[in-house]
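Here's the structure we're looking at; comments come further down.
Values reported hereafter were calculated over all heavy atoms of this structure, with side chains retained and with hydrogens, waters and symmetry mates removed. Please read these numbers as outputs of a predicted model, since none were measured by experiment. By convention here, the first residue in the shown sequence is residue 1.
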Amino acid sequence: MKLTSNEPFWLVKNGLIASYPSLAEDISTDILIIGSGITGSLIAHQCVKDGYRTVLADRREIANGSSSATTSMLQYEVDTPLWELIGMIGEEGAVASYRACYDSIDTLGRLAKKVKSACGFKKKNSLLYAKYKKDVPDLKKEHETRLKHGFRGDWLEADEIRERFDLAGSHGGILTYQGGSIDAFRLAHDLLYYNLKNGLDVYDKTEITGVKYGKKGIVATTQYGNKVKAAKIIYCNGFESTEIIPEKFVDLLSSYAIVSEPFIEKPDKISETLIWDTGDPYIYMRTTDDHRILIGGEDDEFQNPQKRDQSITEKKKRLEQIFEKLFPGVAFRTDFAWAGTFGETKDGLPYIGEHPDFPGAYFVLGMGGNGITFSVTGMEMVSDFLKGQEHPLSRWWCFGR
């Protein structure tokens, strides 16, 4: 009997890459990072590079949170279209946010190469197509806005999209030339392994149950009663930060994904392109480095993990139907189906910086579809914060904005 796995594809594909001890003693350090996913591993890399004694702790196995469930599409486009974001926060902040995500993709590629990661980083194009005819005017406005601010792309009519990608049912779209894909789970592990040799200390299955905050330093206590004294604590725990931050600053959503069996013949027409639509919620897809097709979406409001996971079978069928409609005649056989939870902010931007209720702490919370590229920019921002410097994006990505 063959059962479709409800484990994230990346966990099964990679297996147990590395195992770390839990913290079993009291320690002191310069920086304590909470969260071992792609965000925490990137921030740890930056802190070690800058010469800080750094400790990273996670309540789970390494990278077994959102980084194991992400589809790892690298896009510079924020979930909020550029023209809308300009209306919300102004031209300077909106364009700077898009530019930061644009540059982050190349930064990530260089970093993956530096640490000799097996994450399969690959640059790709990106196609955003109009799901409905009514979406065309706003999508053309988005295209013109991007061109105005130096983001290169081409408008493709529906017949061009059908010819180039075999994709049926679009009403035109924007093809851009800055995107990519990786295995974020693998990259997180590879970054940590690289930095272990440079003094990073990593502890998994170590839950921080209490923190005393202060401008001169913090003291964190684990579930076993061990204490970590640090000059700064940096939270890289994504939507789980809602457990400690009192105000509502993010909406939690569940997202679903399926990945096919490997195709006998590589799906060449879409292998070099990320594909997503203008729906709300939107559908997104990419190929993997072992010739599978990954499609995700069908987001709904997060209630609890049990209810989310009970929806996997239904959502799997729905995603299969969507793929069949977009690519009629292409046999998609699901190998893995899973669900994950992520945060969505009011403007599509992350929260990176200090919070007034937590002296001695920084937060790097890359929410939404750009969590990975936001976190790459977060490396630069944290580096500035720790040196007592202001970062140009801080006023648009801060709490209380």
Trace of the side chain to side chain contact (heavy atoms under 4.5 Å, CB included) decision for C101 with Q75: CA-CA 7 Å; C101 291; Q75 297 165 284; over 6 Å; no
Contact between [X] and [Y] at the side-chain level, heavy atoms closer than 4.5 Å - yes or no?
| X | Y | answer |
| --- | --- | --- |
| V202 | I62 | yes |
| Y362 | E354 | yes |
| L196 | Y20 | yes |
| I161 | L175 | no |
| K229 | T29 | no |
| I208 | T222 | yes |
| F151 | R99 | yes |
| D289 | K13 | yes |

Whether over 12 other heavy atoms sit under 6.0 Å from Q389 CD: yes
For [X] against [Y], the heavy-atom pair lying closest together:
| X | Y | result |
| --- | --- | --- |
| S41 | L191 | OG-CD1, 3.5 Å |
| G172 | L139 | O-CD2, 4.1 Å |
| I245 | H355 | CG2-NE2, 3.8 Å |
| Y129 | L167 | CE2-CD1, 4.0 Å |
| K227 | D26 | N-OD1, 2.8 Å |
| D79 | N370 | N-OD1, 3.7 Å |

Under the side-chain contact (heavy atoms from CB on, under 4.5 Å) test, residues paired with D299 that sit two or more places apart: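 If we apply the side-chain contact (heavy atoms from CB on, under 4.5 Å) test to D299, skipping adjacent residues, the hits are S255, P281, F342.
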Reported [atom1]-to-[atom2] distance for the pair [X] and [Y], which is rounded to 0.5 angstrom:
| X | Y | atom1 | atom2 | result |
| --- | --- | --- | --- | --- |
| F263 | R333 | CZ | CZ | 10.0 Å |
| R308 | D300 | CZ | CG | 10.5 Å |
| L108 | C119 | CG | SG | 7.0 Å |
| L82 | T145 | CG | OG1 | 6.0 Å |
| E261 | F336 | CD | CZ | 9.5 Å |
| T288 | I182 | OG1 | CD1 | 13.5 Å |

With sequence neighbours excluded, residues passing salt bridge (Lys or Arg N to Asp or Glu O under 4.0 Å) with [X]:
| X | result |
| --- | --- |
| R395 | E92 |
| E142 | R146 |
| D290 | R292 |

Pair T70, W10: side-chain N/O donor-acceptor within cut-off below 3.5 Å: no
S104 and T373: side chain donor to acceptor below 3.5 Å: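 No.
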For [Y], is there any backbone N or O sitting under 3.5 Å from a side-chain donor or acceptor partner on [X]?
| X | Y | result |
| --- | --- | --- |
| E160 | E157 | yes |
| Q223 | E207 | yes |
| T345 | V250 | no |
| T39 | S375 | no |
| S66 | G340 | no |
| D204 | E61 | no |
| K315 | D309 | no |
| K141 | W83 | no |
| S383 | E380 | no |
| T54 | A44 | no |

Option from V259, I258, I295 for which side chain to side chain contact (heavy atoms under 4.5 Å, CB included) with T334 holds: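 Only one of V259, I258, I295 forms a side chain to side chain contact (heavy atoms under 4.5 Å, CB included) with T334, namely I258.
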Parallel, tilted or perpendicular, as decided by the 30° and 60° cut-offs, for the rings of W338 and F9: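 Plane angle under 30°, so parallel.
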Residues L42, L111; criterion side chain to side chain contact (heavy atoms under 4.5 Å, CB included); working and verdict: CA-CA 9 Å; L42 286 166; L111 184 55; 3.4 Å; yes
Basic-acidic side-chain contact under 4.0 Å: K148, E144: no
Residue pairs, two or more places apart or on separate chains, that pass ring pair (Phe, Tyr, Trp, His ring centres under 6.0 Å) and touch residues 43-70: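 Of all non-adjacent pairs touching residues 43-70, those that pass ring pair (Phe, Tyr, Trp, His ring centres under 6.0 Å) are H45-Y194.
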F363: which of W397, F358, F239, F385 passes ring pair (Phe, Tyr, Trp, His ring centres under 6.0 Å):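 With F363 as partner, ring pair (Phe, Tyr, Trp, His ring centres under 6.0 Å) holds for just one option, F358.
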Y224/L23 under side chain to side chain contact (heavy atoms under 4.5 Å, CB included): CA gap, chis, key distance, verdict: CA-CA 8 Å; Y224 299 110; L23 181 62; over 6 Å; no
side-chain hydrogen bond (donor to acceptor under 3.5 Å, both in side chains): pairs with one or both residues in residues 172-190, sequence neighbours excluded: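 Found N14-D183, E77-T176, D106-Q178, S117-D190, K123-Q178, K124-S181, D154-Y177, R186-D190.
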Within 45° cone and under 6.0 Å: R401 NZ/CZ vs F249 ring: no
Close aromatic pair by centroid cut-off 6.0 Å: F323 and F327: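 Here the rings of F327 and F323 have centres that are less than 6.0 Å from each other.
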Y203 and I27: CA distance, side-chain angles, deciding distance, side chain to side chain contact (heavy atoms under 4.5 Å, CB included) verdict: CA-CA 12 Å; Y203 301 97; I27 59 174; 4.1 Å; yes
